[in-house]
Each structure stands twice: as C-alpha cells, then as structure tokens.
A.B. asks: 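First the structure, then my questions, so here it is.
Counting starts at 1 for both ligands and their atoms, in listed order.
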Amino acid sequence: MRSPPFRYTLLAMAPKASETKAGEPRRGEAGAAGDPQPLDETLEVSLRGKTRRFPLVRGSEGETAVDIRALRAETGLITFDPGYANTGSCRSAITFIDGEEGILRYRGYPIEELAERSTFLEVAWLLMHGELPGRDELASFEHEVTHHTMLHENFGRFFGALPKDAHPMPVCAAAVGALATFYQEPESEQTIHDAIIRLLAKMPTIAACSYKHFLGQPFIYPRNDLDYASNFLRMMFATPCEEYAPDPLLAKTLDLLLILHADHEQNCSTSTVRMVGSSQANLFASISSGISALWGALHGGANQKVIEMLEEIAAEGGGAERFVQRAKDKNDTKRLMGFGHRVYKSYDPRATILKRYSREVLERVGGPAGSERLFEIAQRLEEIALSDEYFVSRKLYPNVDFYSGVIYKAMGIPTNMFTVMFTLGRLPGWIAQWLEMRGDPDFRIGRPRQVYTGATLRHIGG
Ligand code: ACO
C-alpha cells in the first residue's frame with residue numbers, strides 16, 4: 001500500500017476551534033469543514049421570567065441555525081425533535097442540497113456537471129479530499145483501488161456459512177464488518193488510508209460474491225485490466241465456463257448511477273455511519289452499520305420496492321390509477337414507493353437525470369422482457385401523482401429510487417441486488433463523512449437525550 005496522499009485528520013491532531021477563524025478550514029487538508037459564520041442576531045427564549053439569548057450561525061449557502069449547545073446547561077430544557085427534521089447534527093463541507101430548488105452539489109460542483117464530466121473514482125476522491133484529483137493523483141488512486149480488489153481466501157468459507165437464499169444486503173454488511181477482523185492494525189494515517197482503499201476496492205468484489213452465493217455459482221475473481229464498473233459487471237455475470245464482455249454503455253451507465261448515489265449529506269445511513277464512528281469504532285464497523293441502515297424500505301431499500309410495485313401493477317393489468325388511490329388511502333399500508341423525500345420538496349435532480357438515462361438504456365439494450373412496460377407504468381404513475389392534489393399539496397415528487405430500478409432491471413441486475421448497487425455508490429460518501437467527523441475537533445460521541453414517558457418510581461410487590 002502507498003503512503004497516504006493527504007493527511008487524514010485524527011481527532012488528536014486537529015487544532016481547537018479557537019485556533020481557526022470563522023469560515024476557515026480547520027487544518028491543512030483541502031475540504032475540511034470550517035466554522036459556520038456567527039451572526040449578530042440571537043434567538044431569545046423566555047422562560048419563567050428569565051430571558052436567554054442563543055446565538056445564530058450561518059453556513060456558506062445561507063442555512064441559518066440556532067446554536068443550542070448551552071440550552072440545557074442554561075435552562076434545564078432539551079429539544080424534542082423526533083426524526084431530527086429540524087436538527088443540524090454537525091457542520092459539513094461535503095454536500096449541499098437545496099430541497100426546495102432541487103439542487104444537489106458535491107463540494108460545490110452541481111451533480112449534473114459531475115454526472116456529465118466525471119468518473120465515479122474522480123467523484124470519490126472529490127468527496128474525500130475536497131478537490132477533484134489532478135491527473136497523477138487520479139492515476140495513482142485508480143491504481144491502488146484496482147490492485148486491492150481481491151478478498152482473503154477465507155471469505156470463501158465465510159460466504160459458504162450463510163444460508164443460500166440470504167438477501168445480499170445483510171451478506172454485504174456482514175462481510176464488510178468481517179473485513180475488520182482481517183485488518184486489525186491500530187489506527188494511524190496509514191491504516192486509515194489502507195482501510196479506505198480496501199473498502200473501495202473490495203466492495204464490488206463483496207457485492208458480486210453476495211450475488212454469486214445467492215445463485216450458487218462460483219465466485220469470479222476481479223480483473224485488474226478493467227475499469228471499476230466493468231470489473232463489477234464481469235464479476236456479476238461471467239462464469240468459469242463463459243466469459244462476459246461488459247457493454248461499454250452499461251459500464252458507463254453504472255458509473256453514472258454510482259456518481260448519483262455517492263453522497264447525500266446527513267441521511268439515515270450516513271448519520272448511522274457518523275453515529276457509530278463517533279464512538280471511535282473503526283471505519284469497517286461504521287460502514288457495515290451504514291449498509292444495514294441503507295437496507296430499510298424507507299431508505300435505499302426503496303429501489304427494490306419500486307420495481308416490485310411496478311411489477312405488481314403490471315401483473316394486475318397496469319392500472320396505475322388504482323395504485324395511486326391506494327397510496328393515498330390512510331387505511332391502506334401502500335405508499336407510492338420512490339416518491340417523496342425528507343429534504344426534496346421539488347423534483348430530485350438525480351431522478352431527472354435517471355429518467356433520461358432510463359429511456360436511452362432501454363432504447364439501446366432493451367432489457368429483459370417487460371422492462372419497457374415497467375418504464376411506461378413508472379411514467380404513468382409519475383404523471384398521475386404530479387397532477388394529484390394529495391401529492392402536489394404534500395410536495396411529493398419522484399426521488400432517486402423511482403427510476404434507478406428501471407435502469408438496473410434493463411441492465412440485467414437482479415431486483416434483490418438493487419440496494420447493493422446503492423451501497424456501492426454511497427460508499428465514498430460514507431467514508432468522506434466519517435473522515436470529516438473524525439477530523440472535527442468539536443465532535444463528541446453521538447448521544448441524544450429523550451423525553452421519558454414511562455412509569456414513574458414504583459416498587460416490586462408495591
Ligand atoms: N406515498 C404516499 N404518501 C406519502 C408518501 C408516499 N410515497 N411519502 C409521504 N407521504 C405522505 C405521508 O403519508 C404524510 O401524509 P400526511 O401528512 O397526510 O400524514 C406526508 O406525505 C409526509 O410524509 P412523511 O412520511 O411524514 O415524510 P418523511 O419526510 O418522514 O418521509 C419518506 C420521507 C420516508 C421518503 C417518505 O416520503 C416515503 O416513505 N417515501 C416512500 C419510500 C421511498 O421512496 N424512500 C426513498 C427515499 S430516498 C432515499 O432514501 C434514497
């Protein structure tokens with residue numbers, strides 16, 4: 001393994017907040033999160049005749065927050081915010097989203113530009129280091145990632161111990177957790193760098209193995225002469241008795257999908273990675289927990305649910321209108337999967353890009369029987385929902401998962417692998433957020449409080 005190209009900030013090395021000026025990165029590494037700007041305004045809280053003032057701070061894109069770190073000490077109060085919809089858990093310089101305007105930027109670059117002009121590994125570097133890589137940096141990074149793709153041979157027995165029909169997501173979470181047992185060196189800049197390279201390099205191998213295990217086929221070893229996406233597709237679809245030549249359009253489309261999923265600020269799985277990492281759990285353990293969080297149907301698991309929904313509608317004769325009625329009915333458990341988002345209150349910009357690509361991929365490769373039909377149903381669902389008062393008034397629009405499944409399906413990716421594909425994409429974002437958290441001198445172990453509503457003191461037999 002080569003030496004780290006950047007200094008990976010460990011907590012002990014970071015300067016104290018007082019050593020940096022507002023808005024300045026905290027240390028030499030590009031992309032470290034700076035302090036938010038303190039404002040002259042304050043938020044006044046009056047309680048039992050006493051007034052306290054809490055400072056307001058502003059981020060570089062104008063998001064204003066009240067700094068309540070002294071709230072409990074000064075008032076005895078805590079905040080109550082289930083689902084954290086109003087809570088800024090950290091400062092971050094990685095991803096900016098304007099949910100009202102449908103804007104997504106990584107390190108300041110619009111997602112549309114990155115999707116058009118970058119590769120996934122360039123974006124991974126950008127997220128982790130704050131700047132796009134120079135030519136030599138990229139070449140060296142690609143070389144390292146390409147040359148650490150193999151798994152320890154013991155992994156064969158590890159996969160073999162799991163049930164044959166195991167869903168690939170928990171298999172991936174377990175395998176990534178297990179990497180921590182193979183690489184147990186004490187934490188240092190070099191070992192953090194090594195862990196990052198190993199994760200990025202081995203994740204496609206793990207993902208493909210989880211699928212081959214499900215199929216009962218032999219694992220296919222990685223090939224170092226292929227690019228990231230082509231290597232993954234080959235590990236998925238080749239067999240020892242039949243080579244598979246990845247279609248360049250499919251490899252490019254997969255690379256694009258990975259870029260679109262690469263980070264999305266403090267979503268459920270990223271917050272999980274930060275939370276677990278905040279206890280100083282290592283990177284493998286933190287990422288493994290992020291994979292588990294991503295699996296849920298309300299998060300990354302939605303892409304699988306979207307295709308299942310489209311297939312259900314197709315099987316019932318294609319009645320998109322009836323399904324939309326069910327999704328609106330509070331007595332029915334159905335939701336319109338792939339619709340709605342905690343942050344986006346307009347069209348998810350990733351969905352716009354994916355809708356266009358769905359059309360191109362379907363025109364070019366056709367996909368398995370019924371792919372075109374599912375795309376038609378998806379478009380019809382979208383059309384109905386976007387003109388329906390229920391969805392309009394709640395600002396529910398297609399999210400990234402709505403069209404990604406249609407593309408995966410056309411590419412021949414099996415449905416139970418969709419969320420694993422999301423994992424492959426989100427990995428660099430999780431790593432970048434973990435690094436940022438570990439380099440923030442203000443970071444403390446994540447430990448929310450609660451409003452206790454259980455039994456008051458009582459005694460056994462009383
Ligand atoms: N179908 C029908 N109604 C919906 C949907 C939907 N997909 N999404 C939200 N609503 C309704 C809710 O019932 C609620 O209605 P109400 O105010 O009358 O009670 C209102 O819209 C607000 O919804 P919440 O669930 O409170 O919104 P929240 O921000 O908590 O949830 C979420 C966001 C989980 C994404 C939600 O929209 C949802 O379940 N969508 C479907 C699953 C999905 O696509 N998840 C992927 C998200 S993107 C990602 O994680 C990569």
A.B. asks: Is Lys330 close enough to touch ligand 1? Criterion: a residue heavy atom under 4.0 Å from a ligand atom.
C.D. replies: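 In this structure, Lys330 qualifies as a contact of ligand 1 - some heavy atom is under 4.0 Å.
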
A.B. asks: Of the side chain and backbone of Arg394, name the one, both, or neither that has a heavy atom under 4.0 Å from an atom of ligand 1.
C.D. replies: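 It is the side chain that gets close, since no backbone atom is under 4.0 Å.
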
A.B. asks: Tell me the nearest of Asp329, Val324, Leu396, Val343 to atom 4 (C) of ligand 1, using heavy-atom distances.
C.D. replies: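 The option holding the nearest heavy atom is Leu396.
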
A.B. asks: Regarding Asp442 and Arg91, does a basic nitrogen lie under 4.0 Å from an acidic carboxylate oxygen?
C.D. replies: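 Judged by the 4.0 Å cut-off on N to carboxylate O distance, Asp442 and Arg91 do form a salt bridge.
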
A.B. asks: Where's the contact between Lys328 and ligand 1, heavy-atom distance under 4.0 Å: side chain, backbone, both or neither?
C.D. replies: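 Neither part.
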
A.B. asks: Using a 4.0 Å cut-off to any heavy atom of Ala327, which atoms of ligand 1 qualify?
C.D. replies: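 Those atoms are 2 (C).
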
A.B. asks: Checking Lys164 against Phe214: charged group under 6.0 Å from the ring centre and within 45 degrees of the axis?
C.D. replies: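 Yes; both conditions hold, so Lys164 lies above the ring face of Phe214.
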
A.B. asks: Could you name the option among Arg350, Lys345, Arg342, Met309 that has the heavy atom nearest to atom 33 (C) of ligand 1?
C.D. replies: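 Going through Arg350, Lys345, Arg342, Met309 one by one, Arg342 has the nearest heavy atom to atom 33 (C) of ligand 1.
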
A.B. asks: Counting from 1, what ligand 1 atoms have a heavy atom of Gly338 closer than 4.0 Å?
C.D. replies: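 Answer for ligand 1: 43 (C), 44 (O).
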
A.B. asks: Taking the inter-plane angle between the rings of His299 and Phe422 on a 0 to 90° scale, is it parallel (under 30°), tilted (30 to 60°) or perpendicular (over 60°)?
C.D. replies: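 Perpendicular.
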
A.B. asks: Does only the side chain of Val306 get under 4.0 Å from ligand 1, or the backbone, or both, or neither? Count heavy atoms.
C.D. replies: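 The answer is neither.
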
A.B. asks: Does Phe422 reach ligand 1, in the sense of a heavy atom lying below 4.0 Å from it?
C.D. replies: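 Yes, Phe422 has heavy atoms under 4.0 Å from ligand 1.
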
A.B. asks: Below 4.0 Å, non-hydrogen atoms only: which portion of Tyr390 touches ligand 1? Side chain, backbone, both or neither.
C.D. replies: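 Just the side chain.
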
A.B. asks: With a cut-off of 4.0 Å, which atoms of ligand 1 are near a heavy atom of Leu298?
C.D. replies: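 Selected atoms, number and element: 39 (O), 45 (N), 46 (C), 47 (C), 50 (O).
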
A.B. asks: For ligand 1, which atoms have a heavy atom of Ala302 less than 4.0 angstrom away?
C.D. replies: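 Answer for ligand 1: 43 (C), 44 (O), 45 (N), 46 (C).
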
A.B. asks: Mind checking whether Asp401 contacts ligand 1 via backbone (N, CA, C, O), side chain (CB onward), both or neither, at a 4.0 Å heavy-atom cut-off?
C.D. replies: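 It is the side chain that touches ligand 1; the backbone stays farther off.
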
